[in-house]
There are 2 protein chains.
Amino acid sequence: MGQAAPVSTNHQEKLERLLELSAEIFADKGYHNTSIRDIARASGVSLAGLYYYFRSKEELLFRIQERLLRTVLDDLRRRLDDVHDPRERLRIFVHSHLRVFAQRRPAMKVLVHEYDSLTGEHREHIRALRHEYMETCLGILRDVRRFCGSGDAVVLRVAAFALFGMMNWTYTWYRPEQDVSVERLAEQLYRLFLGGFLRSGDAGRHLDRCAEPLGPGDAPWRS
Amino acid sequence: MGQAAPVSTNHQEKLERLLELSAEIFADKGYHNTSIRDIARASGVSLAGLYYYFRSKEELLFRIQERLLRTVLDDLRRRLDDVHDPRERLRIFVHSHLRVFAQRRPAMKVLVHEYDSLTGEHREHIRALRHEYMETCLGILRDVRRFCGSGDAVVLRVAAFALFGMMNWTYTWYRPEQDVSVERLAEQLYRLFLGGFLRSGDAGRHLDRCAEPLGPGDAPWRS
DNA sequence: CGGGGGTTCGAACGTCCGTTCGGTGCGCAA
DNA sequence: TTGCGCACCGAACGGACGTTCGAACCCCCG
């Protein structure tokens, strides 16, 4: 969790360093299990000194989430610009999401894990940004369905949440250092989802020639 | 969150009622943000009285998670018994998981959301049960791949976590009362996953005839 | 050299936390 | 009737929590 950094004159830099550091601690211990004193200790700033940068502990949590969410939205919008092919747009969506999430692991864990910890206006603000992101995703999926002709056996909303689930769940298991690279991960999840999304209308048709194990003797499902 | 229940003579019944009630509160407020006093108030049992049933707050959390995990594992084993077809086994896996999760929503949120809150032996114990469940899932996916011939472009581990992500993420959005039924949800997620899993080896092949929107004027992705 | 604003701090406030202690009442066996 | 163990409770302990207050520091403008 690191020691106090050498110097950073600019106010904004100090603030962002505190956000980054706090995100690490929140991700590690959980928001409600982290005390302002923990953050003070890790940052080298005094307890009272922190309150010069944040009005409250919850505002600190809010700023972490808002910052990452804006990054995600900006990155996505920039990369989607002037791309028209629906599949490619979906591919970009998945890659963008996972790239940012891998680059900012602590903040992303806080974003997906500590949304419930927000209250009142903070929560409402984040909810609105999340909603915007979700709408973008739904728009892309609608285009894929319309122009690439997937069936409509799967409710779009369910498909979108399934995709978010696949991507966001990575915070529980994916470690960029010891797993496949982010690009390969993103490509695999993209293909996994797209294949199912496009084929979901006629599921079972291409499965007819599925072989079958011989019997209990050969059974590989008994642990 | 409910009032104190009328009566329940048996010790085991009282204990399970406390587990169920605590799960609701933990799910609602989060483990670290819930006090034993909250549980005492909601259950009608005195603060000290709770410690007759549990050695500590963490043991309470542990029992909730262990109980649900054993239910999930038992339900799955029972339903997989004497089913050999790999696709059908996968289908049963998804349905079983989501059915139990929908039946016990509070406990399932606690299970997926508060694993990090466990420490020491409690955590290790739950980790082992989770591992067992994951191995069962991997076994099923291995069979599907072997006998139904999906490619191996997607690492099995990634596919398994993607599936878990799709299913577990439901706790953030799925409400059985106002969404599609659990059976339909399970069927959709099953098809979504299986389609992608079987087709992941040759992604793109069946996408060649994908149409394309006309241009920025028609662009549906601009919100 | 004087002073004012941006920045940081030590110390304290009031509250709530998990847990423990010493009991009390009750039902049942002897 | 006595005694014992199960089920439960009121009250308290020591500590940690988020937040605030008033003062100090330091740099730049005059």
Side-chain angles (χ1 to χ4, degrees), chain A residues 1 3-19 21-23 25-26 28-65 110 114 116-123, chain B residues 3-19 21-23 25-26 28-64 110 114 116-123:
Chain A
M1 258 150 282
Q3 302 290 88
V7 267
S8 53
T9 50
N10 181 305
H11 185 114
Q12 187 68 15
E13 282 176 22
K14 292 188 187 179
L15 191 144
E16 286 180 6
R17 188 181 79 88
L18 285 177
L19 286 181
L21 192 59
S22 306
I25 306 177
F26 285 160
D28 196 46
K29 306 186 51 171
Y31 172 73
H32 285 297
N33 196 34
T34 299
S35 68
I36 304 282
R37 285 164 174 85
D38 289 335
I39 295 167
R41 206 173 305 122
S43 66
V45 178
S46 75
L47 182 59
L50 288 175
Y51 281 84
Y52 176 73
Y53 290 95
F54 312 106
R55 251 187 288 277
S56 68
K57 189 187 174 188
E58 187 175 322
E59 185 187 308
L60 177 51
L61 177 63
F62 169 72
R63 295 255 190 114
I64 292 170
Q65 299 201 16
V110 172
E114 304 286 3
D116 288 350
S117 302
L118 293 172
T119 67
E121 291 188 16
H122 288 143
R123 191 197 197 111
Chain B
Q3 302 289 87
V7 264
S8 52
T9 50
N10 182 302
H11 184 115
Q12 186 67 15
E13 281 177 22
K14 292 188 187 180
L15 191 145
E16 286 180 7
R17 189 181 80 87
L18 285 176
L19 286 180
L21 191 60
S22 306
I25 306 177
F26 284 160
D28 196 46
K29 305 188 52 173
Y31 172 73
H32 286 297
N33 196 34
T34 299
S35 68
I36 303 281
R37 280 164 239 265
D38 290 334
I39 295 168
R41 207 173 304 123
S43 65
V45 178
S46 75
L47 182 59
L50 289 174
Y51 280 83
Y52 176 73
Y53 291 94
F54 312 106
R55 250 188 289 277
S56 69
K57 188 186 174 189
E58 188 176 320
E59 186 188 305
L60 177 51
L61 176 63
F62 168 73
R63 295 254 191 116
I64 293 170
V110 171
E114 305 287 3
D116 287 352
S117 301
L118 292 172
T119 66
E121 291 187 17
H122 288 143
R123 192 197 196 112

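Here is how names work: the chains are called A, B, and so on, in the same order as the sequence lines, proteins then strands, and each is numbered from 1.
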Check whether any side-chain N or O of H11(A) sits under 4.0 Å from OP1 or OP2 of dT7(C), and answer yes or no. yes

Partner residues of F62(A) under the side-chain contact (heavy atoms from CB on, under 4.5 Å) criterion, sequence neighbours left out: E66(A), L118(A), H122(A), H125(A), I126(A)

Taken in chain and number order and not counting sequence neighbours, the residues that satisfy salt bridge (charged side-chain N to carboxylate O under 4.0 Å, His left out) with E16(B) are R67(B)

side-chain contact (heavy atoms from CB on, under 4.5 Å) partners of E121(B), counting only residues at least two apart: none

What residues form a side-chain hydrogen bond (donor to acceptor under 3.5 Å, both in side chains) with T34(A), not counting sequence neighbours? none

R37(A) meets the salt bridge (charged side-chain N to carboxylate O under 4.0 Å, His left out) criterion, sequence neighbours left out, with none

Base-contact (B) and sugar-phosphate-only (S) positions in nucleotides 8-20 of chain C, heavy-atom cut-off under 4.0 Å, - elsewhere: BBB-B----BBBB

